[in-house]
Amino acid sequence: MTILLVQTLILNFGTIKKFEALRLSDLRDKGQSSIIPLIDPAKSGFLKTPFDERIIARLLATTKIKGLTVYGLADLNKKEFNLISAYGEPTVLLIRDENNLAQTYRSGDGGTYEFIFRSSMLSGSHYIVVRMDSSEVQPMLFNYVIETLVIMLFMSLFVTTVLMIALGHWLLEPILFMRDNLLAAFKNPEDPQIQDSPFDTKDEIGTAINIAQKLIHQNAENIKRIKSAAEDKIHKLAYFDTLTGLPNRTLFVQTLGERARQLHDGSAERFAIITLDLDHFKDINDSMGHNIGDAILRGVGKRLRAAMPESAMVSKMGEDEYAIMMPLSTDLNTARDVAERVIDVIRSEPFKVFNEQFQVRASVGVSTFPDDGTDPDQVLKNADIALNRAKEEGRDVIKEYSEDFDRAVQQRFQLLRDLRDAMENNQLQLFYQPQLDLVTGRVIGAEALLRWWKPDNSKHGGTFIPPNEFIPVAEQSGLIVPIGEWVIETACRTAKGWLDNHGIDIRIAINVSASQFSQSDICAYTQKIITETMIKPHRVELEVTESVFMDDIQHTVQTLQNLHAIGVELAIDDFGTGYSSLSYLRQFPIDRLKIDQSFIRNALNDPDDAAIARTIIALGRSLGLKVIAEGVETAEHEKFLVSEGCDEVQGYRYSRPVPEDQFLAFVEAYDGTLASFKG
Ligand code: C2E
Ligand code: CA
Ligand code: CA
């Protein structure tokens, strides 16, 4: 259409005018050639005027000439014209002077055309205005325009078609090809189904397609690479321990299942499962910081991995727990041997971190598949049971799984069930053991000690279960919290009763487990009981062992400070047996150190124990703390303690722990002098 329009404009401005002028000039030639015969050559160029009427009539009838007006020169010098004669239709053009002889006239409807025919070339002095019929020029012009337009239309059609075909072939096809490829890559960028380019890679579009295809492939490669890296990472996170890089519990359990299946198929051999737990790792971590703890964990992992053959799987199961799975056909041939190797590599030399040395020890549990169970999970569990046994036996021990352990576990469950019933049936009881002042000889306190009266079919109707048997179970199960609360309440109420009913104003010492600190708000509870019973707070003493300092230090400091703020006294029980650290003695608001009975028992025959007892007494004095000795059984013990300047005593020498009524009887019978009990 654009081509057509442009051509039409050109046609309008140029060709049509030219065509018309050409036609008019044709007409003029025709007119001239019709007139020339009128001029008589014999009369030396003079027109035969007046013209022969018949000739004129024929002229007008047979030619395009419609009318003639003949002018003559009136005076050659003056150049004036006068009309001589006129024929046919009158003409419009007038000859005035020689200057306008070139003029022509065209009627408004285009039907007539007039021009001036000068006979000068024939040396005549006549001028003729010729009026001609020009009506045929208009249709001719019209036809011409139509013709031209039709030709142009066809030409445009042709050009457009050719152009379209060329464009289609060289431009559209490649672009569509590229579009389809891009679309395919967009839909499935990871694996785009694109065809090879059939286009010449030398031209611009071919190059563009080529680059686009390369980009698509590159993109697919990148996605694949990123995906597989991400999958690797996810796999790593899911199956490996980030700290040591060792397989984690999930992978271990999974591999264990696979190996067990292979063994059933006969394509694998028996294998040992070793579980180990670092002893006192928590202490190192808490006191030295996580950096050191982490470094040790990594070091242990490295040593274990290096010590075990390729066929063994060394895995990190928990914070400070590791497990090893090893086929039993290698040079180390029993599970026990593997365990010994494990303990050896850890013990062999201390771990060096930041120029400090850390001696690490581990407890190890051992079980064998399929000897210790056909279910792989069970065998792992058995190794864990053995490990727990090892820890209970004092750590740094190897324990092989035995079926007896199961029985022991069952017994524990039974004990726990019975203990719950005991709580509900009021079978728990407190015994009291007096505490005496070594200087004044007076009874100044009593320690409340739990007893569990368990009815049975014996002739006594039951037995007392010692706290050492059931307290650990209560601690592990969380039952220690309600039991402990019952102890606090009963002890406070009893002591307040002694004051109110018997005028005995002494301190009551209550044992509190570390787990009571972590599992309950012991401070709030103690406060509540003190308010309820109206006992004087400084008459209440809580005995804690050093193990409370192994747990959350921050929390312990806060709780102990809160307790002290209430007015409650605090004693450290079994002092000297734990991780005695001088730093916490200054950090915590402690009133009393209780020398562990083992030192007192041996003080007289073991100089080391005597030295420890002496040191504790001196330490207490220098820190302004009272020191009480427990387990005082003999006069010699007492003498030793008096001579060393110990403040207070407690032990069988004065009284065993006894029920409340016996305790009251003791206090009433006691005359206030230590000496009277000698012997
Ligand atoms: P402990 O706090 O060190 O208690 C002292 C233990 O030594 C008591 O054993 C006591 O009977 C015993 N004992 C006292 N004087 C002598 C003596 O002269 N010679 C000998 N050989 N032993 C003596 P018991 O009552 O069997 O308590 C054992 C442990 O059970 C206690 O050790 C304490 O840790 C725990 N315990 C007792 N009652 C409670 C309680 O109410 N709550 C908590 N959490 N633990 C308790
Ligand atoms: Ca105690
Ligand atoms: Ca003790």
Side-chain angles (χ1 to χ4, degrees), residues 419 422-423 427-436 445-453 463-495 507-520 522 525-526 529 540-548 569-578 580 591-604 613 616 627-638 640-641 648-660 662-663 666 677:
L419 187 55
M423 274 276 290
Q427 289 170 0
L428 295 182
Q429 216 175 305
L430 286 183
F431 275 28
Y432 301 92
Q433 188 179 32
Q435 298 178 331
L436 298 96
E447 178 175 6
L449 293 156
L450 253 180
R451 293 293 178 267
W452 174 9
W453 176 253
T463 47
F464 276 114
I465 311 230
N468 289 337
E469 262 179 50
F470 65 86
I471 294 279
V473 177
E475 283 174 344
Q476 275 167 19
S477 63
L479 203 59
I480 192 67
V481 172
I483 291 179
E485 289 180 349
W486 178 84
V487 171
I488 293 172
E489 180 178 1
T490 312
C492 289
R493 215 171 280 289
T494 309
R507 185 178 69 223
I508 184 82
I510 301 168
N511 291 286
V512 178
S513 298
S515 44
Q516 282 173 267
F517 272 80
S518 52
Q519 292 173 26
S520 68
I522 188 157
Y525 187 80
T526 309
I529 296 302
V540 179
E541 179 171 72
L542 299 186
E543 288 189 4
V544 296
T545 58
E546 285 158 296
S547 58
V548 295
E569 303 215 319
L570 296 166
I572 298 181
D573 206 353
D574 305 341
F575 192 77
T577 56
S580 309
D591 302 284
R592 195 168 272 99
L593 301 180
K594 204 167 183 185
I595 309 174
D596 187 66
Q597 43 183 286
S598 61
F599 303 119
I600 307 302
R601 194 177 306 133
N602 301 326
L604 301 175
I616 295 173
V627 178
I628 182 167
E630 65 179 340
V632 182
E633 294 185 354
T634 64
E636 284 73 31
H637 292 155
E638 185 187 288
F640 168 75
L641 291 164
E648 297 162 0
V649 282
Q650 175 186 347
Y652 290 175
R653 173 165 165 72
Y654 314 102
S655 168
R656 289 180 173 258
V658 288
E660 187 190 1
Q662 287 179 41
F663 177 79
F666 168 83
F677 283 85

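Counting starts at 1 for both ligands and their atoms, following the listed order.
In this pair, Trp452 and Phe470 present their aromatic rings perpendicular. The plane angle is above 60°, beyond the 30 to 60° band.
Scanning the protein heavy atoms around atom 11 (O) of ligand 1, the nearest turns out to be Pro657 CG, 3.2 Å. Of the protein's heavy atoms, Asp574 OD1, 3.4 Å lies nearest to atom 3 (O) of ligand 1. Among protein heavy atoms, the minimum distance from atom 38 (N) of ligand 1 is reached at Leu450 N, 3.1 Å. The protein heavy-atom contact nearest to atom 1 (P) of ligand 1 is Asp573 OD2, 3.9 Å. At the top of the distance list for atom 21 (N) of ligand 1, counting protein heavy atoms only, stands Glu633 OE2, 3.1 Å. Summary of contacts: the protein heavy atom closest to atom 27 (O) of ligand 1 is Pro467 CG, 3.3 Å. Regarding atom 15 (N) of ligand 1, its nearest protein heavy-atom neighbour is Gln433 NE2, 2.9 Å. Asn468 OD1, 3.2 Å is the protein heavy atom nearest to atom 29 (C) of ligand 1.
Neither the backbone nor the side chain of Arg656 has any atom closer than 4.0 Å to an atom of ligand 1 (non-hydrogen atoms only). Using a 4.0 Å cut-off between heavy atoms, Asn511 contacts ligand 1 through both its backbone and its side chain. The backbone and the side chain of Leu449 each have at least one atom closer than 4.0 Å to an atom of ligand 1 (non-hydrogen atoms only). Neither the backbone nor the side chain of Leu430 has any atom closer than 4.0 Å to an atom of ligand 1 (non-hydrogen atoms only). Residue contacts with ligand 1, taken as heavy atom pairs separated by less than 4.0 Å, do not involve Gln650 at all. Of the heavy atoms in Pro466, none comes closer than 4.0 Å to ligand 1. For Glu630, every heavy-atom contact with ligand 1 shorter than 4.0 Å involves the side chain, none the backbone. In Ile483, neither the side chain nor the backbone holds a heavy atom less than 4.0 Å from any atom of ligand 1.
For the Ca ion (ligand 2), the set of nearby N, O or S atoms under 3.0 Å includes one belonging to Glu447. Distances from the Ca ion (ligand 2) show that Glu543 has an N/O/S atom below 3.0 Å. Coordination check, Asp574 versus the Ca ion (ligand 3): passed, since an N/O/S atom of the residue sits under 3.0 Å.
Distances shorter than 4.0 angstrom do not occur between any heavy atom of Gly484 and any atom of ligand 1. Not a single heavy atom of Glu475 sits closer than 4.0 Å to an atom of ligand 1. Not a single heavy atom of Arg653 sits closer than 4.0 Å to an atom of ligand 1.
Looking at Arg507 and Glu648, a side-chain N of the basic residue comes within less than 4.0 Å of a carboxylate O on the acidic one, giving a salt bridge.
Of all atoms in ligand 1, numbered sequentially from 1 with element shown, those under 4.0 Å from a heavy atom of Ser513 are 44 (N). Below 4.0 Å from some heavy atom of Glu447 lie the following atoms of ligand 1, by number and element: 2 (O), 4 (O). For ligand 1, the atoms closer than 4.0 angstrom to any heavy atom of Gly651 are 15 (N), 18 (O). The contact set between ligand 1 and Ile471, taken as ligand atoms under 4.0 Å from a residue heavy atom, comprises 43 (C), 45 (N), 46 (C).
Here the side chain of Gln516 pairs a donor or acceptor atom with the backbone of Ser513 at under 3.5 angstrom.
For Gln433 and Glu447, the side-chain atoms include no donor-acceptor pair closer than 3.5 Å. One side chain, Tyr432 or Thr494, offers a donor N or O that lies under 3.5 Å from an acceptor on the other. Side-chain atoms of Glu638 and Tyr654 form a donor-acceptor pair, as typed in the model, at a separation below 3.5 Å.
Taking each of Tyr652, Trp486, Tyr654 in turn, the one with a heavy atom nearest to atom 23 (C) of ligand 1 proves to be Tyr652.
Phe464 does not carry Arg451 over the face of its six-membered ring by the limits of under 6.0 Å from the centre and within 45° of the normal.
For the pair Trp453/Ile465, no side-chain contact is recorded, criterion being any heavy-atom separation below 4.5 Å from C-beta on.
For atom 9 (O) of ligand 1, the nearest protein heavy atom is 4.0 Å or more away. Of the protein's heavy atoms, none falls inside 4.0 Å of atom 32 (O) of ligand 1.
To the nearest 0.5 Å, atom CD of residue Glu630 and atom CG of residue Asp573 are 5.0 Å apart.
For the pair OD1 of Asn511 and OD2 of Asp573, the angle whose vertex sits at the Ca ion (ligand 2) is 90° to 10 degrees.
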Could you walk me through whether Tyr652 and Gln597 pass the side-chain hydrogen bond (donor to acceptor under 3.5 Å, both in side chains) check? CA-CA 11 Å; Tyr652 290 175; Gln597 43 183 286; over 6 Å; no
